[in-house]
Trainee: 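Before anything else, here's the structure in question.
Predicted, not measured: the structure shown is a model, and the values here were computed from it.
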Amino acid sequence: MSEESVYSVCGMCTVRCPIQVTTENGKVKFIQGNPHLKGIEGAICGRGAAGTALIDDHERPQYPMIRIGERGSGNWRKVTWDEALDYVADRLKEIFKQYGARSLLLTDRGGPFRDFHRAFLRGVGTPNYCNHDGSCARNVQHAALSVFGFGRKGVVYDLSNARHVVLQTRNLFEAINVREVNELIEALEKGCKLTVIDIRSTISAAKAHNFFQIRPGTDYAFNLAVINELITRKYYDSDYVKRYFKDFNELVKFVQPYTPQWAAEETGIPADRLVNFVRELVNDKPAVLWHPGWMNARYKNSFYMSRSIYIINALLGSVGAKGGLPLVNKPGDYDHKGLNKLMDLYEKPTEKRADGAGWKYPHFESGPGITHLAFKAIETEDPYPLKAYIAYRHDPLMGFPDPERLKKVFDKLDLMVSITFSWSDTAWYSDVVLPLSPYLERRTVIAAKNDLLPYFFIRRQALPPSYDTKCDWEIFSQLSKRMGLDKLVFDNAEDLWNFQLEGTGVSLSDFDKTGFVPLGDKPKYRDVTQLEFKTPSGKIEMINETLEGQGIPSLKPYESPAAPKAGRFRLTFGRCAVHTQGHTVNNPILFEQMPENVLWINDVEAGKLGIKDNDLVNVSNDGYTGQIRAKVTENIHPEAVFVVHGFGHQLPVESRAFGHGLADNKLMPHGYEIYDIAGGGVAFQEHFVSVEKA
């Protein structure tokens with residue numbers, strides 16, 4: 001019996017944990033987290049363990065296909081790779097001839113493996129790259145930029161050394177990042193306190209020392225009161241504030257009205273509980289880690305909520321501190337050269353972005369843009385037509401509101417291509433499906449992880465493809481050849497990897513031992529008296545000139561959220577430990593663990609409606625109704641109902657997931673136009689539904 005082991009990277013969610021895969025006679029025998037990486041140390045979540053089910057699943061795209069019927073009809077023609085890629089290249093050339101290369105849009109799910117397809121976009125000459133972050137963490141990113149001048153990944157979450165962790169819009173024990181889970185557990189075992197602020201009593205809340213069940217949409221009020229208490233009582237780190245804050249007095253004046261007593265009326269959290277919580281934070285500073293949020297595309301003020309979190313961390317002296325949010329290190333901080341970028345082979349396009357990021361909206365970062373504003377540009381052809389769209393491992397028809405309207409937007413496209421390893425609503429509605437090999441069957445570009453101790457890591461192939469599928473670099477290399485981008489044509493992965501590593505002092509063989517290459521001997525914490533911020537002033541800024549120039553206040557006065565009318569509830573959603581949004585629901589192993597979602601509804605409110613636990617209920621909004629089982633519980637705020645996102649699949653090729661559960665995004669009419677104008681994130685939770693017993 002032939003047993004082999006390879007280091008790779010999980011692909012079951014966007015965290016992409018390093019893993020070790022053991023195979024025997026061409027079959028996966030065991031998957032575990034990389035045992036050599038601190039925080040992972042052999043651990044893997046349930047989703048990662050279910051990666052084997054992707055390999056043998058006959059209900060995934062197995063070969064290239066070109067649509068022959070109406071969009072969404074499910075009529076496909078099986079073709080060879082040459083025919084599929086020739087078709088895509090020829091159609092792109094035709095579209096470029098009429099509309100220019102700027103008419104191409106590509107969206108993906110972000111992450112560390114984007115260099116090749118972003119280089120392809122630069123090569124053809126389009127600025128229109130977007131990732132899914134407008135439906136996830138764009139508000140968090142822009143909040144960090146507005147305060148520090150660097151983004152959310154400019155700091156590290158030093159959970160294992162924290163004395164107090166606060167989770168607000170971050171359900172860490174269910175939306176799992178294995179390293180974060182392990183490090184927080186380690187900290188809790190050492191006496192770290194955990195505070196959770198949420199509308200539901202989650203698994204994270206069940207492990208908390210403090211749980212605040214807050215009224216939906218009032219997190220910003222709670223945080224303003226915390227800032228007020230820190231300043232009024234002079235609890236903040238005065239030396240840190242003097243050293244790093246540019247306009248502290250503006251913050252002092254702004255928060256004067258927002259007392260704990262005021263916040264109690266808004267949030268439902270008693271003032272004395274908030275005051276005692278602040279005292280705990282002060283006792284534990286600077287090793288306090290108030291997480292700025294992960295998926296924070298929720299309300300129209302979510303940008304300000306995240307911004308207030310960063311301000312609180314800074315007031316406590318936690319930004320840059322061990323056990324708080326220390327600044328990230330890059331290869332250059334260890335006198336190491338970074339990876340060679342494929343993107344640098346081509347000049348950055350000079351065309352303005354169709355979504356307006358960076359020019360029409362200068363407060364929005366131009367790199368990944370704002371996807372829903374790009375979709376709006378498809379619809380309006382303003383500032384110019386977008387006519388070709390490549391969805392790379394991205395399913396906006398599941399991930400954005402109002403999918404039926406979004407289909408009408410996509411109908412304005414001349415070409416729609418989906419590159420995916422699993423079926424999705426977006427792939428089903430495309431003109432061409434290019435099947436991506438699942439992560440266990442593919443190699444990917446080498447990536448760098450910026451951290452306290454940065455490292456390079458690699459995804460190696462554990463198995464040959466089961467079907468006629470390809471790696472991402474192969475698809476874009478062969479498409480590049482057809483588009484005349486010779487610099488992006490590679491014959492094999494080894495040539496690609498050697499290009500990336502040239503001049504770094506790291507060779508391919510260096511990855512053999514552990515699957516990653518640390519770029520130093522030990523983690524490095526900056527001197528907290530010598531921190532550098534990338535704002536115009538070089539300091540932490542309460543007033544952001546770019547926002548103010550757009551007529552958007554840096555410190556926005558609080559506005560009370562709308563309360564649901566009688567018989568209606570604010571629709572909220574989130575993640576779970578078993579599934580990754582919609583793309584794992586049809587996974588044979590994970591489907592067995594959780595075949596459908598349920599509707600959390602407050603027990604008192606359910607009683608008024610005659611609804612009992614496990615009853616089938618109708619959930620309705622604006623003419624659409626879906627059915628789902630009720631979970632009647634005291635553990636959710638009475639103004640809201642909650643579902644796990646990603647269910648309600650209606651594709652005939654997904655026999656397991658078909659018809660199970662509720663699709664929350666169908667209950668959000670015109671939802672992709674409702675967003676946070678300061679941060680760019682979609683305001684998913686600004687919709688109200690009615691619930692009645694079926």
Trainee: Is the closest side-chain heavy-atom distance between F569 and N602 below 4.5 Å?
Mentor: no
Trainee: Can any side-chain N or O of S418 pair as donor or acceptor with the backbone N or O of T420 at less than 3.5 Å?
Mentor: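 No, S418 side chain to T420 backbone: no donor-acceptor pair under 3.5 Å.
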Trainee: Given S146, which of Y310, Y304, F303 fulfils the side-chain contact (heavy atoms from CB on, under 4.5 Å) condition?
Mentor: F303
Trainee: Strictly by modelled atom types, are D133 and Q141 linked by a side-chain donor-acceptor pair under 3.5 Å?
Mentor: no
Trainee: Taking atom CD1 of I197 and atom CZ of F211, what is their separation to the nearest 0.5 Å?
Mentor: 10.0 Å
Trainee: Name the atoms and distances for all side-chain donor-acceptor pairs under 3.5 Å in residues 682-694, with sequence neighbours left out.
Mentor:
unit_1, atom_1, unit_2, atom_2, d
Q685, OE1, F573, N, 3.3
Q685, NE2, Y299, OH, 3.1
E686, OE1, R570, NH1, 3.0
E686, OE2, K300, N, 3.1

Trainee: Any donor-acceptor pair under 3.5 Å linking the side-chain atoms of N210 with those of E280?
Mentor: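 E280 vs N210: donor-acceptor pair found between side chains.
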Trainee: So, does R215 use its side chain to make a donor-acceptor pair with the main chain of G268 at under 3.5 Å?
Mentor: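 Between the backbone of G268 and the side chain of R215 there is no qualifying donor-acceptor contact (under 3.5 Å).
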Trainee: Do L172 and V181 have side chains that approach each other closer than 4.5 Å (heavy atoms only, starting at C-beta)?
Mentor: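 A side-chain contact exists here, since the closest heavy-atom pair is under 4.5 Å.
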Trainee: Can you name the closest pair of heavy atoms from A187 and A162 and give their distance?
Mentor: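 So the minimum-distance heavy-atom pair works out to CB-O, 4.2 Å.
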Trainee: Atom CD of Q168 and atom CG of N296: how far apart are they, to the nearest 0.5 Å?
Mentor: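 One gets 8.5 Å once the value is rounded to the nearest 0.5 Å.
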Trainee: I need the minimum non-hydrogen distance between V178 and A43, along with the two atoms involved.
Mentor: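 Scanning both residues completely, I find the closest heavy atoms to be CG1-CB, 3.7 Å.
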Trainee: Specify the closest pair of heavy atoms between V15 and I176, including all atoms of both residues, with the distance to one decimal.
Mentor: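 Looking at all heavy atoms of both residues, the shortest contact is CG2-O, 3.8 Å.
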Trainee: Any side-chain heavy atom of K556 sitting closer than 4.5 Å to one from Y220?
Mentor: yes
Trainee: Got a second to check how far L289's CG is from E183's CD, nearest 0.5 Å?
Mentor: 10.0 Å
Trainee: So which atom in A630 and which in D613 form the shortest heavy-atom distance, rounded to 0.1 Å?
Mentor: O-OD1, 3.4 Å
Trainee: Can you tell me if T259 and N228 form a side-chain donor-acceptor pair at under 3.5 Å?
Mentor: no
Trainee: What pairs with F647 under ring-ring contact (aromatic ring centres under 6.0 Å, His included), at least two apart in sequence or on another chain?
Mentor: H579
Trainee: Do you know the tightest heavy-atom contact between I628 and V619?
Mentor: CG2-CG2, 3.8 Å
Trainee: Could you walk me through whether V278 and R233 pass the side chain to side chain contact (heavy atoms under 4.5 Å, CB included) test, one step at a time?
Mentor: CA-CA 10 Å; V278 173; R233 305 280 184 180; over 6 Å; no
Trainee: Can you find a pair of side-chain heavy atoms, one from E229 and one from R279, that are under 4.5 Å apart?
Mentor: no
Trainee: Report the relative orientation of the aromatic rings in F375 and Y389; use parallel for angles under 30°, tilted for 30 to 60°, perpendicular for over 60°.
Mentor: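 Ring orientation, 0 to 90° scale: perpendicular.
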Trainee: Donor-acceptor check, side chain of E180 to backbone of L159, threshold 3.5 angstrom: yes or no?
Mentor: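 The answer is no, because no donor-acceptor pair under 3.5 Å joins these two groups.
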Trainee: Are a donor atom and an acceptor atom from the side chains of N621 and R568 found within less than 3.5 Å of each other?
Mentor: yes
Trainee: Can you find a side-chain donor-acceptor pair between Y624 and E404 that sits under 3.5 Å?
Mentor: no
Trainee: With ring centroids as reference points, do F410 and W428 lie under 6.0 angstrom apart?
Mentor: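 No, ring centres 6.0 Å or more apart.
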Trainee: Can you list the steps and then say if S302 with N139 is a side chain to side chain donor-acceptor pair (under 3.5 Å)?
Mentor: CA-CA 7 Å; S302 287; N139 287 328; 4.6 Å; no
Trainee: Does the T625 side chain pair with the main chain of S620, one donor and one acceptor, at a distance under 3.5 Å?
Mentor: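 No.
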Trainee: Please report the C-alpha distance between W294 and V140 in whole Å, then the side-chain angles of each, then the deciding distance to 0.1 Å, and finally whether the side chain to side chain contact (heavy atoms under 4.5 Å, CB included) criterion is met.
Mentor: CA-CA 7 Å; W294 198 1; V140 187; over 6 Å; no
Trainee: Side-chain contact test, heavy atoms from C-beta onward, threshold under 4.5 Å: evaluate it for M594 versus T584 and give yes or no.
Mentor: no
Trainee: Is there a donor-acceptor contact under 3.5 Å linking the side chains of T267 and T218?
Mentor: no
Trainee: Among H394, R393, H132, which residue satisfies the side-chain hydrogen bond (donor to acceptor under 3.5 Å, both in side chains) criterion with T107?
Mentor: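 Single side-chain hydrogen bond (donor to acceptor under 3.5 Å, both in side chains) partner of T107 among H394, R393, H132: H394.
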Trainee: Could you state the interatomic distance from CH2 (W290) to CG (L316), rounded to the nearest 0.5 Å?
Mentor: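 Separation between the atoms: 8.5 Å.
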Trainee: Taking C-beta and beyond as the side chain, do S424 and H583 meet within less than 4.5 Å on heavy atoms?
Mentor: no
Trainee: Quick one: does E174's side chain have a donor or acceptor within less than 3.5 Å of a partner on I203's backbone?
Mentor: yes
Trainee: If you measure from NZ on K207 to CG on L194, what distance do you get to the nearest 0.5 Å?
Mentor: 9.5 Å
Trainee: Verify the ring-centre separation between H291 and Y157: is it less than 6.0 angstrom?
Mentor: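 Centroid distance Y157-H291: below 6.0 Å, so yes.
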Trainee: Does either side chain, that of H670 or that of R405, offer a donor lying less than 3.5 Å from an acceptor on the other one?
Mentor: yes
Trainee: Under the criterion side chain to side chain contact (heavy atoms under 4.5 Å, CB included), I'd like the reasoning laid out for T371 against R138: C-alpha separation, chi angles, the key distance, then a yes or no.
Mentor: CA-CA 10 Å; T371 301; R138 200 84 313 231; over 6 Å; no
Trainee: Would you say the side-chain atoms of Y429 and D395 include a donor-acceptor pair closer than 3.5 Å?
Mentor: no
Trainee: For atom CD of Q627, decide whether the heavy atoms of other residues, nucleotides or ligands shown that lie under 6.0 angstrom number more than 12.
Mentor: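 Check passes, neighbour count above 12.
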Trainee: Within the 4.5 Å heavy-atom criterion, are H645 and M295 side-chain neighbours or not?
Mentor: no
Trainee: In terms of ring plane angle, is the pair F642 and W600 parallel, tilted or perpendicular, where the classes change at 30° and 60°?
Mentor: perpendicular
Trainee: Who passes salt bridge (Lys or Arg N to Asp or Glu O under 4.0 Å) against R67, sequence neighbours left out?
Mentor: D431
Trainee: Quick one: sort the H363 and Y361 rings into parallel, tilted or perpendicular, breaks at 30° and 60°.
Mentor: perpendicular
Trainee: Name the orientation class of the two ring planes belonging to F277 and H164 (parallel below 30°, tilted from 30 to 60°, perpendicular beyond 60°).
Mentor: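 Judged by the thresholds at 30° and 60°, the geometry between F277 and H164 is perpendicular.
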Trainee: Is the side chain of N597 donor-acceptor paired with the backbone N or O of V643 at a distance under 3.5 Å, no angle test?
Mentor: no
Trainee: Check whether any side-chain N or O of Q62 sits under 3.5 Å from a backbone N or O of H58 as a donor-acceptor pair, and report yes or no.
Mentor: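 Between the backbone of H58 and the side chain of Q62 there is a qualifying donor-acceptor contact (under 3.5 Å).
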Trainee: Given side chains that start at C-beta, do those of M668 and L571 come closer than 4.5 Å, heavy atoms only?
Mentor: yes
Trainee: If you apply the rule side chain to side chain contact (heavy atoms under 4.5 Å, CB included), what do you find for S308 with I227, and how did you get there?
Mentor: CA-CA 8 Å; S308 65; I227 295 173; 4.2 Å; yes
Trainee: Tell me if the NZ atom of K412 is crowded by more than 12 foreign heavy atoms within 6.0 Å.
Mentor: yes
Trainee: Closer than 3.5 angstrom, by distance alone: can the side chain of D56 be matched with the main-chain N or O of T52 as a donor-acceptor pair?
Mentor: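 Not a single qualifying donor-acceptor pair exists.
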Trainee: Is it the case that atom CD in E592 sees more than 12 heavy atoms from other parts of the structure closer than 6.0 Å?
Mentor: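 No.
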Trainee: Atom CG in N301, atom CG in D676: separation rounded to 0.5 Å?
Mentor: 7.0 Å
Trainee: Could you check whether atom CG of L616 has more than 12 heavy atoms from other residues, nucleotides or ligands sitting under 6.0 Å from it?
Mentor: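 Enclosed.
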Trainee: Please report the closest heavy-atom contact between P396 and L406, naming both atoms and the distance.
Mentor: O-CD2, 3.8 Å
